[in-house]
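Down below is the structure, laid out as structure tokens.
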Amino acid sequence: MNIVWTLAMAALGLALASSLAGLFATARRPALLRGLSLPLFALSGLAALACGLLALANGGSTTLQLPLGLPWLPWQLRLDALSGFFLVLLGALTLAVGIYGVGYVRDFERGRDQLPPLGAFSGLFLLGMELVLMADGAYLFMVAWELMTLSSYFLVAFQHDNAANRRAAFLYLLMGHISGLCILLAFGVLASFRGSFAFAAMRAAHPDFLWASVAFALAFTGFGIKAGLVPVHAWLPEAHPAAPSHISALMSGAMLKVAVYGFLRVVFDLIGPLHWQWGVVVLTVGSLSALLGVLLALMQTDLKRLLAYSSVENLGIVFIGLGLSLIFLGTDHRLLGALALVAALYHALNHALFKGLLFMGAGAILHSAHERDLDRMGGLLRRMPWTGTFFLIGSLAISGLPPLNGFVSEWLTFQAALQTWQLHSGLLRTLIPVAAAVLALSAALAAAAFVKAYGVAFLGRARTRHVRRARQVPVSMRVGQGLLALGCLAAGVFPSTVIAWIARVPQSLLGTGLPHAGAQGWLWLTPVSPTTASYSAPGVLFALLVLAGLTAWLVHRGAVRRVRRSDAWDCGLTPPMPRMQYTATGFAQPLRRVFGAWLRVDEGVDAGEGATPRHRLQITDRSWALFYAPVVRVLDRLTRLVTRMQAGHLRVYLAWTLGTLLLLLWVVTL
């Protein structure tokens, strides 16, 4: 067994050991969770990170068979560039989450929540994700997928005393099983051509366009549900806020990317020849997800729900890149297809970093101020300077501002979209610029959403007593946030180095990399060619540092000294109060007016006799009324019909049994 598999087995073993250690973290021994389970959790992430880097460096593939499974269906593992990249993503985030969790779980030790489920299912959740990324057959893939889904269900339902959390967990479990069923059917279609569930047999099948499209539709539906794409995204803003914040970071930053991995594995690796028609579907759904996700994020006042809806937007951006890649590859533009694929993978990595950081920031606020409602926050930067600084870095990164990492992946996606002129289809040359415009609008609205989140939460004055009493979080929580903040900065300042590693994935899958991306060295990024477009992140950082230094010199040593300072005229009014500040609701009001048609807004004034008038505002997702409510009504009618079968009389049950037997005999004789 070579070193790559040694690290892989170490990652799996440490995740399992973390789960077993968590089982013994009872109320009498709460320190086991912080002192043993979470350190093992972090070490598993470190081993996965090292394993992924080595798999990426090797570039090829290596396999291993475990003495587990069924006699005719053994557990087969495989590591290649694709699984290596996602192991790097998962490992880096897990390492930070494990360190952060040591301080975060202290609150649960003093509460009524049971600690063993938190430790045990966290380890199983990580184990399931790692096994999904290593599986080389449909059998092990589905076992690991269900392990990931079921363990994360118990984490969503961890604080089950809250009815909303129980509802969110049930919805998550339901959508997770629908997702798993679609994926299983997709594997069934592919396995039917060679009679084997091994991925190697599926690669050699090459089904015709009809059956390949059926497998694609099933896979896109299954993995799209897990990724939270519109219109099957409704579980995500319910489940992610319900989980503990360090688990929310792992679910949003890593679990959604496992769904992206599954889509790439099935569509780009197993199905066979790619078709541009699939890319049109993926591009359209990705664009709708990006726009609707950021609009709903902008309207939220609950910080964790805002971050959850933002994940819908960012996964939409990832699938915009994947849709572009499918279109270019389906029209035989392999270099452009590789560029779009690299852009999608880069944004997946970036989202893991800055969304994990932002969920950790939200968890730090909840840990210290016991608040999730933005309208009850304010002034937290003075009380939590480290968290405020890290949250600012995450907000700038997710807003796509240079020199941080979010800008690079969105810029690469735009560069791929700008090559539309090389396509011959008028439909595609019209559709892709529209998708690029939607991407630009989503980026602008994302910036507005996080200006609101950061400004309302960290600036101004505290609005409630809990926030005024907030204090800095433990060192471990700051270290976990700091690691991801450094990752956001490094991935933004050195994009050529990052792309040199990511480009090994399209080289492995497609046989084509990005030969010109690093042609000018680490200082310049040239994704297509030096004459087409270039970007120097180190140059931008240097310019910003010079500008900041010059501004500081002018403020402290320059003309400002000659300005007389005095209090501003306040028009005779009383001193400003916290209630005079902008609220999160008020900040989003102009955009709510503009995009109200996309949202379901219930707004008015309730004023009964003798009662104080109260403003009423409720914003809900239209997808509930358009897609979910009709299904619920149909299921309710069907269940009412089925209940009539349970009449309580033996002769009725015997009649149903006889009718079923006659029907089955008739079917068999056909």
Side-chain angles (χ1 to χ4, degrees), residues 7-51 87 90-133 144 147-160 169 240 242-255 258 356 359-360 363-364 366-367 473-481 483-484:
L7 289 170
M9 293 300 103
L12 296 174
L14 288 167
L16 183 58
S18 171
S19 175
L20 294 175
L23 282 175
F24 297 97
T26 61
R28 294 182 179 181
R29 296 185 293 268
L32 279 178
L33 184 60
R34 289 184 286 107
L36 185 59
S37 179
L38 283 168
L40 290 172
F41 190 86
L43 287 174
S44 176
L46 183 61
L49 174 61
C51 174
L87 280 172
L90 174 62
L93 183 58
T94 300
L95 175 62
V97 167
I99 296 172
Y100 173 93
V102 171
Y104 183 77
V105 299
R106 286 180 179 271
D107 274 358
F108 298 122
E109 295 177 2
R110 297 187 293 267
R112 295 180 300 171
D113 300 304
Q114 297 295 317
L115 296 181
L118 180 60
F121 289 116
S122 296
L124 291 176
F125 181 40
L126 177 59
L127 178 65
M129 289 190 287
E130 291 173 344
L131 279 173
V132 168
L133 299 180
L147 175 62
M148 177 183 72
T149 300
L150 289 173
S151 57
S152 54
Y153 159 75
F154 288 104
L155 294 172
V156 173
F158 173 63
Q159 295 175 306
H160 53 81
H240 286 198
S245 294
H246 66 300
I247 300 299
S248 300
L250 202 60
M251 290 179 70
S252 185
M255 187 187 72
V258 172
F359 264 114
M360 287 182 183
L366 188 60
H367 178 275
V473 294
V475 174
S476 64
M477 296 176 68
R478 283 177 269 165
V479 171
Q481 295 176 78
L483 288 175
L484 295 184

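Given the structure is predicted, the values throughout are model-derived calculations rather than measurements.
Here the side chains of P244 and Q159 are not in contact, with every heavy-atom distance at 4.5 Å or above. R106 places a side-chain heavy atom less than 4.5 Å from the side chain of R34. Side-chain contact between L126 and L14 is absent, with no heavy atoms from C-beta onward closer than 4.5 Å. A 4.5 Å side-chain heavy-atom check between L250 and M255 finds every atom pair outside the cut-off. S122 has its side chain within reach of L155: a pair of non-hydrogen atoms, C-beta onward, lies under 4.5 Å apart.
A side-chain contact (heavy atoms from CB on, under 4.5 Å) with L36 is found for one member of L40, L38, L33 and no other, namely L40.
R478 places a side-chain N or O within donor-acceptor distance of the main-chain N or O of V473, the cut-off being under 3.5 Å. Under a 3.5 Å cut-off, the side chain of S151 and the backbone N or O of M148 do form a donor-acceptor pair. Proximity of a side-chain donor or acceptor of T94 to a complementary backbone N or O of L90 within less than 3.5 Å is detected. Put simply, the side chain of Y100 never gets that close to the backbone of S476: no donor and acceptor are under 3.5 Å apart.
Using the six-membered ring where Trp is involved, H240 and F359 have ring planes that are perpendicular, over 60° apart on the 30 and 60° scheme.
Listed here is the closest heavy atom pair of A157 and A169: CB-CB, 3.6 Å. Heavy atoms only, all atoms of each residue included: Y104 and G363 are closest at CE1-O, 3.5 Å. In plain terms, the two heavy atoms of E130 and A48 that are nearest each other are OE2-CB, 3.9 Å. Among all heavy-atom pairs drawn from G98 and F41, the shortest one is CA-CD2, 3.9 Å. Residue G123 comes nearest to S18 through the heavy atom pair CA-OG, 4.3 Å, listed as atom of the first residue, atom of the second, then distance. Between L23 and P116, the shortest heavy-atom contact is O-CB, 3.6 Å.
Atoms SG and CG, on C51 and L87 in that order, are 5.5 Å from each other to the nearest 0.5 Å. Atom CG of L49 is separated from atom CG of L7 by 10.0 Å, given to the nearest 0.5 angstrom. We find the CZ-OH distance between F121 and Y153 to be 10.0 Å, quoted to the nearest 0.5 Å. Note that CE of M477 is 13.0 Å distant from CD1 of I99, once rounded to the nearest 0.5 Å. Between F154 atom CZ and L118 atom CG the span is 13.5 Å, to the nearest 0.5 Å. Summarising the geometry, atom CG belonging to L124 is positioned 10.0 Å from atom CG belonging to L150; distances are rounded to the nearest 0.5 Å.
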Check the pair M129, L147 against side chain to side chain contact (heavy atoms under 4.5 Å, CB included), reporting the backbone distance first and the verdict last.
CA-CA 8 Å; M129 289 190 287; L147 175 62; over 6 Å; no

